[in-house]
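Read through the structure below, which is laid out as structure tokens, and then see the notes.
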There are 2 protein chains.
Amino acid sequence: MKIQTFTIQKVSDMTGLSPHTLRYYEELGLLNKIGRNEHSYRMYTQADISWIHFLLRLRSTSMPIAQMQQFSSLRSMGDETIALRLELLENHHNQVQEQIDHLTENLDKIARKIHHYKELLNNGSK
Amino acid sequence: MKIQTFTIQKVSDMTGLSPHTLRYYEELGLLNKIGRNEHSYRMYTQADISWIHFLLRLRSTSMPIAQMQQFSSLRSMGDETIALRLELLENHHNQVQEQIDHLTENLDKIARKIHHYKELLNNGSK
DNA sequence: ATATACCTTCGAGTGAACTCTATAGCAAGG
DNA sequence: CCTTGCTATAGAGTTCACTCGAAGGTATAT
């Protein structure tokens, strides 16, 4: 039984990353050794796609590409780096939590400004 | 009684924006008519500084500069634009709330990955 | 067989938001 | 009066994360 693989366009559809960006990520070392078919077309496995989805979680929580490179590099070094990866991820987790806290605080201040504008509008039409 | 004013360096210290960025923001039309002293040095009023702090809230909730320009432009047009500003701000409020929701969801997935790594570490030392 | 719609690599281009450089005027301490 | 450090303007340069273009090989439908 063969492992199912996907062309770059399929993966683009599945992840939302353009083929250009998928090649770019590979070149940056974020994706390790994507297989090729007989015409040297990239063929992605399900594992590759899961990894891309995980990378997208990191990206969408504002992890810089440089740090994702570091993480990917540790991953490609095998199981001895799990402790380091864990540390990196826990740090990131804390930063995201802070990010959320700041956003929540700012959101509250914006809500106050909205309230202020609403009052101005009411007094204006008095 | 004179109004107290502040040099660009003071304002930089108070807001965290560099003097460069303060001039840049002014040039973009985000700050309206900063006063000048007899040597044509910028002198910022307390009102200017409050406005900068508000801009920073918008920025740190990822409002693009272009939208801040739009908002600032409405502000400089006076009270007839309050309804429009309110609308703009409410839209932004909703976007920030979505942002927070997405972050929270991703944070949760990252927490699972952390949990997964911790399990790997425990089994490894068994 | 030909059109079209993929795929490849490599290097250049883009847009957002700063950030810095160069050149020059002003100003307070010793 | 000189040095150090502020201020000014205009325009060029930087960083990040893509994004595109050119040139050419491959694949499927008619």
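Residue numbers begin at 1 in each chain, while the letters A, B, ... track the order of the sequences.
- Note on Arg42(A): a side-chain N or O is less than 4.0 Å away from OP1 or OP2 of dT9(C).
- Listed nucleotides dA17(C), dC6(D), dT8(C) differ in distance to Gln9(B); the shortest reach to its side chain belongs to dC6(D).
- Within the 4.0 angstrom heavy-atom criterion, only backbone atoms of the sugar-phosphate kind lie near Thr7(A); the bases stay farther away.
- Residue Tyr44(B) is tested with Glu26(B), Gln4(B), Met14(B) for a side chain to side chain contact (heavy atoms under 4.5 Å, CB included); the sole match is Glu26(B).
- Rounded to a whole Å, the CE atom of Met63(B) is 12 Å from the P atom of dA17(C).
- Residues Pro64(B) and Met43(A) each lie close to DNA chain C; by heavy-atom proximity, the contact nearer the 5' end of the strand is made by Met43(A).
- Formation of a donor-acceptor pair under 3.5 Å by the Ser18(B) side chain with backbone atoms of Thr21(B) is found in this model.
- With respect to Arg85(B) and Glu90(B), no salt bridge is recorded, no charged nitrogen being found less than 4.0 Å from a carboxylate O.
- One interatomic measurement links the two molecules: CD of Glu38(A) to C1' of dG25(D), which rounds to 14 Å at whole-angstrom precision.
- OP1 or OP2 of dC18(D) lies within a sub-4.0 Å distance of a side-chain N or O belonging to Tyr25(A).
- Rounded to an integer number of Å, the gap from CE of Met68(A) to P of dA17(D) is 8 Å.
- As rounded to whole Å, 18 Å separates atom P of dA8(D) from atom OH of Tyr24(B).
- One atom, CZ of Arg36(A), and another, C1' of dT8(C), lie 8 Å apart when rounded to the nearest Å.
- For the pair Glu26(A) CD and dA17(D) P, the interatomic distance rounds to 19 Å; values are reported in whole Å.
- Within a 6.0 Å radius of CG in Asn91(B), more than 12 heavy atoms belonging to other residues, nucleotides or ligands are found.
- Atom CG of Asn37(B) and atom P of dA28(C) are 11 Å apart (whole Å).
- Mapping Lys10(B) and His20(B) onto DNA chain D by nearest heavy atom places Lys10(B) at the nucleotide closer to the 5' end.
- The hydrophobic clustering, which links ILVMFWY residues whose side-chain heavy atoms are closer than 4.5 Å, places Phe54(B) and Ile49(B) together.
- Between Arg23(A) atom CZ and dC20(D) atom P there is a gap of 12 Å when expressed in whole angstrom units.
- Heavy atoms of Pro19(B) sit nowhere under 4.0 angstrom from any nucleic acid atom.
- When distances run from any side-chain atom of Tyr41(A) to the nucleotides dT8(C), dT7(D), dC18(C), the shortest one goes to dT8(C).
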